[in-house]
*Asks:* 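Starting off with a structure, shown below.
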Protein chains: 2
Amino acid sequence: MTGVPEPAVPDGDGRRPPSVRPRTVPGRRRAEIAEAAARFFAEHGYHTVGMREIAEAVGMRGASLYNHFSSKEEILYAIALAMTEVPVEQHIPLLDAEGSPADRLAALLRAHIRHLADHRVEHLVGLRELAALTPEHRAVITDHRRYYQRRVRDVVAAGVRAGQFAVDSPGRAAVAVLDMVNGISWWLRPDTDVDELVETYLGLALDGVLQHAREDRA
Amino acid sequence: MTGVPEPAVPDGDGRRPPSVRPRTVPGRRRAEIAEAAARFFAEHGYHTVGMREIAEAVGMRGASLYNHFSSKEEILYAIALAMTEVPVEQHIPLLDAEGSPADRLAALLRAHIRHLADHRVEHLVGLRELAALTPEHRAVITDHRRYYQRRVRDVVAAGVRAGQFAVDSPGRAAVAVLDMVNGISWWLRPDTDVDELVETYLGLALDGVLQHAREDRA
DNA sequence: GTCTATATTTCGATAGAC
DNA sequence: GTCTATCGAAATATAGAC
């Protein structure tokens, strides 16, 4: 599509493929609870939402929640974890597939934005409520994020080497692109045309941010 | 600098110059309290920080804070308000000054990023803790944000008309640029070189996002 | 304007029956 | 696995002396 030489090997060095541990939200009831909680957390903030409120939304009493989660923080952790585990497990392999750096990054961003749009509230909660997690849980989440970000940086650098991208600092550009797309979760509306959104942001990222080197500017 | 025709009149229609009301953080003591509170809110989250904690940081007891703020939420409101009033009052006029759309937007983004870097924690709190505000206070903040965003959209549109920018949707592009630069407050470090940061992001925005139309891409 | 002391409310979590 | 009942802790905010 963009017609440029492509490296057959992964551009990331692949160190520390994050040790993906616990299952995320298994069990029908757990998933229901986490989903309802995410809606409330997104709208009112983690700390203002009570266990009784979450329980009522799924048709049970507050105490019964403790048969599914050991604490309120565990609910938040399950939500935040799903929003980083899925991208790492399902989107990062797209960077290791065949194709040019630009094509592989396009595939990742497409999946990323779709996932974000399909789980807008969970994504927002995972971004905003990091401070409410225990230090241990927060470390797991931020490790995933850092790994994801590093892999994006690596494919950007590969694109620069392949002549597909023109950026001074692949790290800065990767952060800028991810901040830009993650910003979507703050304002996305249910009636937004996701197909159009995805293609617009692909253009903004691949043909915009990642092509920002121009000669006629100091 | 970028050498392009410039409209002598503002591109924004100027409707609803936001009625800037209450003074923000007047009084030495108020400013001290708000500053300390912002640090704690940014690090631990609004709801996990107690009035006693804030009070201790400024050398008084919890009850004494109520001589300066009528509630904890008022402290948060003062912080959030300062982060939207200053940009509206001091940055928006840069859009009404002389110069091409690109030059005027560059001036605004420069001021925006510097302000953000100078008040990183307050900016982060203002972005993240909106849900903790009363509906009335939240409405004030979001009105400011919407106005600011609309003025950026208008200057982007003016730049498109002047042939300086190439974007399909000025509204989308404006949101993308603002999300990108506001994302800085999540990861900025005290030792970051702000001058370099500002120029990098100006390039990412003006020469990147706002130039994303390319012919060789579907 | 700051203090001590405390009122009042709310919430996360547990105990134990069924 | 869900319920009722409740514990215990923590927090905001207030009262009133100085």
Side-chain angles (χ1 to χ4, degrees), chain A residues 23 25-81 125 128-138, chain B residues 23 25-81 125 128-138:
Chain A
R23 303 126 336 147
V25 186
R28 266 258 57 73
R29 226 66 219 281
R30 268 178 73 94
E32 276 181 58
I33 294 168
E35 191 182 325
R39 280 201 312 275
F40 286 117
F41 292 166
E43 185 164 357
H44 304 108
Y46 173 75
H47 282 99
T48 61
V49 177
M51 293 296 268
R52 292 163 177 82
E53 200 173 345
I54 298 167
E56 189 187 24
V58 297
M60 60 172 69
R61 301 294 194 165
S64 303
L65 289 175
Y66 292 87
N67 289 314
H68 304 278
F69 291 92
S70 65
S71 72
K72 183 181 167 187
E73 191 267 349
E74 284 278 354
I75 303 178
L76 176 62
Y77 179 51
I79 295 166
L81 191 58
V125 169
R128 197 182 55 186
E129 307 285 6
L130 271 189
L133 292 170
T134 65
E136 293 75 18
H137 287 167
R138 186 164 53 244
Chain B
R23 304 127 333 143
V25 185
R28 266 259 57 75
R29 226 65 220 280
R30 268 179 73 93
E32 276 180 58
I33 293 167
E35 190 182 327
R39 280 201 312 273
F40 285 117
F41 292 165
E43 185 163 358
H44 304 109
Y46 174 75
H47 282 99
T48 61
V49 178
M51 292 296 266
R52 294 164 176 79
E53 203 171 344
I54 298 167
E56 190 187 22
V58 297
M60 60 172 69
R61 300 296 193 165
S64 303
L65 289 176
Y66 291 86
N67 288 314
H68 304 277
F69 291 93
S70 65
S71 71
K72 183 181 165 186
E73 191 268 348
E74 284 278 354
I75 303 178
L76 176 62
Y77 179 51
I79 295 166
L81 191 59
V125 169
R128 196 182 56 185
E129 308 284 7
L130 271 188
L133 292 171
T134 65
E136 293 75 19
H137 287 166
R138 186 165 52 245

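A, B, ... follow the sequence lines: proteins, then strands. Residue 1 opens every chain.
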*Asks:* When you measure from the side chain of A/Arg61 to the backbone of A/Glu56, do you find a donor-acceptor pair of N or O atoms at a distance under 3.5 Å?
*Replies:*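 No, the answer is negative, given that no donor and acceptor are paired below the 3.5 Å cut-off.
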*Asks:* Using a cut-off of strictly less than 4.0 Å between a heavy atom of the residue and any atom of DNA chain C, enumerate the qualifying residues of residues 50-62 of chain A by number.
*Replies:*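 Here the set is A/Gly50, A/Met51, A/Arg52.
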*Asks:* Return yes if some donor-acceptor pair links the side-chain N/O of A/Tyr46 with the main-chain N/O of A/Leu133 below 3.5 Å, else return no.
*Replies:*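 No, A/Tyr46 side chain to A/Leu133 backbone: no donor-acceptor pair under 3.5 Å.
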*Asks:* By nearest atom, which of the nucleotides C/dC3, D/dA13, C/dT14 is closest to the B/Ser71 side chain?
*Replies:*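 Closest nucleotide among those given: D/dA13.
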*Asks:* It should be established whether A/Ser64 places a side-chain nitrogen or oxygen under 4.0 Å from OP1 or OP2 of nucleotide D/dG1.
*Replies:*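 No.
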*Asks:* Can you tell me how far P of D/dA11 sits from CD1 of B/Ile75, to the nearest Å?
*Replies:*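 B/Ile75 atom CD1 is separated from D/dA11 atom P by 15 Å.
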*Asks:* Rounding to an integer number of Å, can you tell me how far A/Leu76 CG sits from C/dG12 C1'?
*Replies:*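 Distance, rounded to whole Å: 15 Å.
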*Asks:* Quick one, A/Leu76 and A/His137 - any side-chain contact, counting heavy atoms below 4.5 Å?
*Replies:*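 The answer is no; the side chains never approach within 4.5 Å.
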*Asks:* Rounded to whole angstroms, how far apart are NE2 on B/His47 and C1' on C/dG12?
*Replies:*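 One finds 15 Å between C1' of C/dG12 and NE2 of B/His47, rounded.
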*Asks:* Not counting sequence neighbours, which residues clear ring pair (Phe, Tyr, Trp, His ring centres under 6.0 Å) with A/His68? List them please.
*Replies:*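 None.
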*Asks:* Give the rounded distance in Å between these two atoms: NZ of A/Lys72 and P of C/dA13.
*Replies:*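 One finds 8 Å between P of C/dA13 and NZ of A/Lys72, rounded.
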*Asks:* Given atom OH of A/Tyr66 and atom P of C/dA13, what is their separation to the nearest angstrom?
*Replies:*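 After rounding, the reported distance stands at 4 Å.
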*Asks:* Could you grab the distance from atom CD of A/Glu129 to atom CD of A/Glu73, nearest 0.5 Å is fine?
*Replies:*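 Answer rounded to 0.5 Å: 12.0 Å.
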*Asks:* Expressed as a whole number of angstroms, how long is the span from B/Phe69:CZ to C/dG1:P?
*Replies:*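 To the nearest whole Å, that distance equals 13 Å.
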*Asks:* Here's a test of your reading of the structure: between B/Ser70 and B/Thr48, which maps to the more 5' nucleotide of DNA chain D?
*Replies:*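 Closer to the 5' end of DNA chain D: B/Thr48.
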*Asks:* Does some side-chain heavy atom of B/Lys72 sit less than 4.5 Å from a side-chain heavy atom of B/Phe41?
*Replies:*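 Yes; the side chains approach each other to less than 4.5 Å.
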